[in-house]
Amino acid sequence: MTDDVLTLVDGKVGRLRLKRPKALHALTEPMCAAMLDAVAAWRADPAVELILLDHAEGRGFCAGGDVRAVAESGQGDGAAARAFFHREYQLNHLLFTSAKPIVSVMDGVVMGGGVGIALPARYRVATERTMFAMPEATIGLYPDVGGGWYLSRLPGRIGQYLALTAARLSGADAVAIGLATHYIPSDRLDAVKAALLADPQAAASILDDAAIVPPDAPILAQQAQIDRLFAAEALEDILAALDADDSDWARDVVAGLRTKSPLSCKIALRLLRESALRTDFGDEMRAEYGLSVHVCQRHDFLEGVRALLIDKDNAPRWDPATPEAVTETVLDTIFTPLPDGEAWEPLRL
Ligand code: QUE
């Protein structure tokens with residue numbers, strides 16, 4: 001049981017409301033378990049016609065997972081870290097496969113674990129406050145929670161760009177590349193939610209009517225450069241292309257990219273290559289769980305959480321320290337599927 005998320009039925013709408021404002025609604029294992037139980041129950045309940053996912057108070061939407069707790073476990077036997085990822089990915093998968101329409105309200109910060117619960121929704125509402133990112137390479141993780149699936153399906157090389165640089169997108173950017181379906185000013189959200197509760201069957205038209213044409217999306221102005229400079233399969237070649245480009249944009253991007261974990265970046269590139277070929281989201285979650293089991297006990301993740309979130313010195317000492325030092329052998333180990341009995345499995349319904 002947890003007070004950090006509200007799960008309730010309001011009329012014909014099942015509501016999931018993140019309520020952990022002191023941690024920007026970052027997901028804990030009990031929060032994932034509570035949402036999983038609720039969505040599983042609503043699945044078989046004809047009285048629930050729509051699922052509405054938002055944050056209940058304070059700034060939103062969701063900063064990710066409780067990576068401090070995950071890293072603490074990773075320093076020991078890793079059992080709690082594995083339990084967290086297993087449950088979180090079951091939630092991601094149950095939302096993804098939900099036959100009932102879901103509305104996610106991506107108002108405010110939407111990072112990492114927040115992306116994993118927002119993007120499975122059929123209707124994904126961005127606002128002028130949306131700040132979307134997959135920043136895991138900053139802390140020695142990689143874009144999980146279905147990140148391989150979503151990022152590998154974005155236009156051109158935008159997915160690789162987002163995964164490697166942790167670039168932040170605006171709400172307008174999110175709509176422009178299909179991550180969000182509607183752009184609705186945040187001052188209309190209360191009225192939109194009230195309308196959804198009153199007539200959930202009309203969700204599509206309620207959202208269409210409330211949406212406005214988004215402002216210009218900066219990502220579209222950058223896309224040609226992204227597609228060209230992130231075209232290579234190898235991290236070393238992407239860095240070389242950025243170094244050889246004399247635009248201010250490329251200089252800024254490569255400076256940021258060089259602060260990320262080289263191991264995380266190489267995991268991300270290989271994951272996106274493999275995920276693009278998958279046809280089943282369950283296969284994605286099984287593959288990512290295998291990666292997470294390996295990565296959550298490795299140096300870079302423990303060091304990244306220390307440097308960015310605990311000591312906040314923002315000076316992680318990555319190991320391997322350079323892209324060249326990340327061998328195919330170490331990647332092969334990390335990408336080795338888990339044996340039967342340890343592998344991820346969807347919630348049995
Ligand atoms: C990269 C990340 C995360 C991050 C910062 C990064 C992440 C995450 C959080 C986070 C932020 C605030 C909290 C919290 C967690 O920050 O995944 O509990 O209160 O969850 O650079 O991947």
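The analysis underlying the following values was restricted to heavy atoms, covering all of them including side chains, and did not include hydrogens, waters or symmetry mates. Just so you know, ligand 1 is whichever comes first in the structure, and atom 1 is the first atom listed for that ligand. Quantities reported herein were computed from a predicted structural model and do not represent experimental measurements.
Scanning for ring-ring contact (aromatic ring centres under 6.0 Å, His included) contacts around F230 gives Y161, with sequence neighbours left out. Listed by chain and number, the residues in a salt bridge (charged side-chain N to carboxylate O under 4.0 Å, His left out) with D77 amount to none (sequence neighbours excluded). In this structure K100 satisfies the side-chain hydrogen bond (donor to acceptor under 3.5 Å, both in side chains) test with no other residue, sequence neighbours excluded.
Listed by chain and residue number, the protein contacts of ligand 1 are A23, A26, A63, G64, G65, V67, R68, P135, E136, T138, I139, L309 (heavy atom within 4.0 angstrom).
If you check the side chains of D208 and S205, you find no donor sitting under 3.5 Å from an acceptor.
Taking the ring centroids of Y289 and H86, they lie under the 6.0 Å cut-off.
Ring pair F281/W149 is perpendicular by interplanar angle, where above 60° counts as perpendicular and below 30° as parallel.
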